[in-house]
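Worksheet for the structure shown next.
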Amino acid sequence: MKEQLSTIRAAALAAVEQAQSATQLDELRVQYLGKKGALTAVLKQMGRLSPEERPVIGQLANDVRASLEAALDTASQKLAAEAMEERLRAEAVDVTIPGRKVTVGRRHPMYIALDELKDIFIGMGFTVIDGPEVELAALNFDRLNAEEGHPSRDWSDTFYFDRDSRVMLRSQTSPMQIRAMDTMPLPIRMIAPGRVYRKDEVDATHSPMFHQVEGMVIDKGVTMADLKGTLNTVAQRMYGADTKTRFRPHHFPFTEPSCELDVQCHKCGGAGCATCKGEGWIELLGAGMIHPHVLEMSGIDPEVYSGWAFGFGLERTAMRRFKIDDLRLIFENDVRFLEQF
Ligand code: DAH
């Protein structure tokens, strides 16, 4: 039995010496010291020993167990230390390597222009609202007085989703007037910026997707004088206090009377130059008094309430504001262009 025990000790210590991982050490612990382990198997035979031998062998078995446990503990501490060492080496940070450069983006010139506009209108008590780009033709056309057969409803101009031309990509932000009338309590003062879509070929002044800003006021006793006063103030806030404006008669189905607002060319002061294409004036927006029939269709009594509305292209406004001469630059998102603003 003595030999058995010293063989176990020698084999176990050699195996512990060779072990490469904590798992292997665990396996050895079970193999030698576990309930079904080699040492236990020897101890089970103690009954066969004489009373004199028993304490001697017992003592020896305890020694073997103690030295094995000590060897296992030392080995596992050594392995843990090595693992930590390895981790520290692998995760070491070289503080002398230069940091990675973080490039910070900037606001797009069109959104800079939009934020300025929002500031102006919010300052005058308007609410900014948002609505869907996929719109019902009923709101984009019918309830804006553009009935069946109106040229703007043509398939060659409008992106429809269905054969019966009921669902479309909105071709203007004007349906936001209807959505506001349907959902907001009176009086209403709102602007609604957003994307609109038309079947236009891309060139320096056209894109099938562009942005408009719609605006609307409905209250009791609102007149064309309010329209002119407000829009003149906006033009002056945008282009300077001495900006001259001019209102020209125009036609839109949902306003009556309708007009277009021009600002005197800020470049040449009205004499005519390349910026205003020799006109002396630059077209800013379309506007008008909301047609009584449009109010009626939204359940608003035109005998009690009146209102005005306007709509304009945001790209053109930004291009004028930042002297950008090609619309495509706005959408290309070339950082060399965007970094200038
Ligand atoms: N929706 C018109 C367009 O896309 C612009 C417009 C004109 C909007 C007059 C208005 C308005 O609200 O009153 O051409």
Side-chain angles (χ1 to χ4, degrees), residues 117 121 126-133 135-147 150-154 156-159 168-182 184 188-200 205-219 222-232 234-235 245-263 282-295 297-298 300 302 305-317 327:
L117 272 161
F121 281 102
F126 285 63
T127 305
V128 182
I129 64 170
D130 194 17
E133 291 165 30
E135 186 55 283
L136 297 169
L139 272 71
N140 194 95
F141 294 127
D142 299 75
R143 288 186 57 191
L144 287 163
N145 245 359
E147 273 121 20
H150 192 276
S152 64
R153 301 184 72 132
D154 202 284
S156 62
D157 292 329
T158 301
F159 294 103
M168 56 180 288
L169 286 172
R170 65 179 177 190
S171 62
Q172 51 183 356
T173 44
S174 300
M176 289 308 293
Q177 292 185 33
I178 308 303
R179 288 184 175 272
M181 291 185 212
D182 284 352
M184 295 171 77
I188 298 171
R189 274 194 217 95
M190 68 80 172
I191 59 166
R195 292 194 178 93
V196 303
Y197 301 85
R198 290 180 197 177
K199 286 188 182 167
D200 282 330
T205 53
H206 292 86
S207 158
M209 185 283 292
F210 58 102
H211 295 71
Q212 287 188 333
V213 180
E214 195 76 15
M216 184 179 76
V217 172
I218 302 178
D219 202 348
V222 171
T223 70
M224 191 89 185
D226 300 306
L227 179 163
K228 292 180 77 173
T230 311
L231 293 180
N232 274 337
V234 173
T245 60
R246 128 184 131 173
F247 290 83
R248 274 181 296 105
H250 203 80
H251 172 79
F252 298 106
F254 43 90
T255 45
E256 182 58 36
S258 305
C259 60
E260 279 192 330
L261 168 60
D262 300 335
V263 288
I282 298 170
E283 186 191 312
L284 194 62
L285 52 81
M289 299 303 294
I290 300 171
H291 199 293
H293 187 229
V294 171
L295 290 174
M297 283 190 279
S298 297
I300 297 171
Y305 284 97
S306 56
W308 57 272
F310 65 88
F312 64 89
L314 185 55
E315 283 81 2
R316 277 204 303 179
T317 308
L327 176 66

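Heavy atoms only: backbone and side chains are in, while hydrogens, waters and symmetry mates are out. Order of listing sets the numbers, starting from 1, for every ligand and every atom in it.
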Looking at ligand 1, would [X] count as a contact under a 4.0 Å heavy-atom criterion?
| X | result |
| --- | --- |
| H251 | no |
| Q177 | yes |
| W308 | no |
| M216 | no |

[X] heavy atoms, cut-off 4.0 Å: which ligand 1 atoms fall inside?
| X | result |
| --- | --- |
| T255 | 13 (O) |
| A287 | 9 (C), 11 (C), 13 (O) |
| G288 | 13 (O) |

- Item | CA sep, side-chain torsions, deciding dist, call: F126, F310, ring-ring contact (aromatic ring centres under 6.0 Å, His included) | CA-CA 13 Å; F126 285 63; F310 65 88; 7.1 Å; no
- Got the closest protein heavy atom to atom 11 (C) of ligand 1, with its distance? F254 CE1, 3.4 Å
- Message: Please list the nearest protein heavy atom to atom 13 (O) of ligand 1 with its residue and the distance rounded to 0.1 Å.
- Response: A309 O, 3.1 Å
- For salt bridge (charged side-chain N to carboxylate O under 4.0 Å, His left out), just list the numbers for R153 and D142, CA-CA rounded to whole Å, side-chain angles, deciding distance to a tenth of an Å, and then say yes or no. CA-CA 10 Å; R153 301 184 72 132; D142 299 75; 3.2 Å; yes
- Message: Please classify the F310 to ligand 1 contact at 4.0 Å (heavy-atom distances, strictly less than): side chain, backbone, both or neither.
- Response: backbone
- Message: Heavy atoms only, cut-off 4.0 Å: how does M289 contact ligand 1, side chain, backbone, both, or neither?
- Response: neither
- Task: Test Q172 against Q212 for side-chain hydrogen bond (donor to acceptor under 3.5 Å, both in side chains), laying out the working first.
- Result: CA-CA 7 Å; Q172 51 183 356; Q212 287 188 333; over 6 Å; no
- Item | M181 side, atom CE; I300 side, atom CD1 - distance, nearest 0.5 Å | 5.5 Å
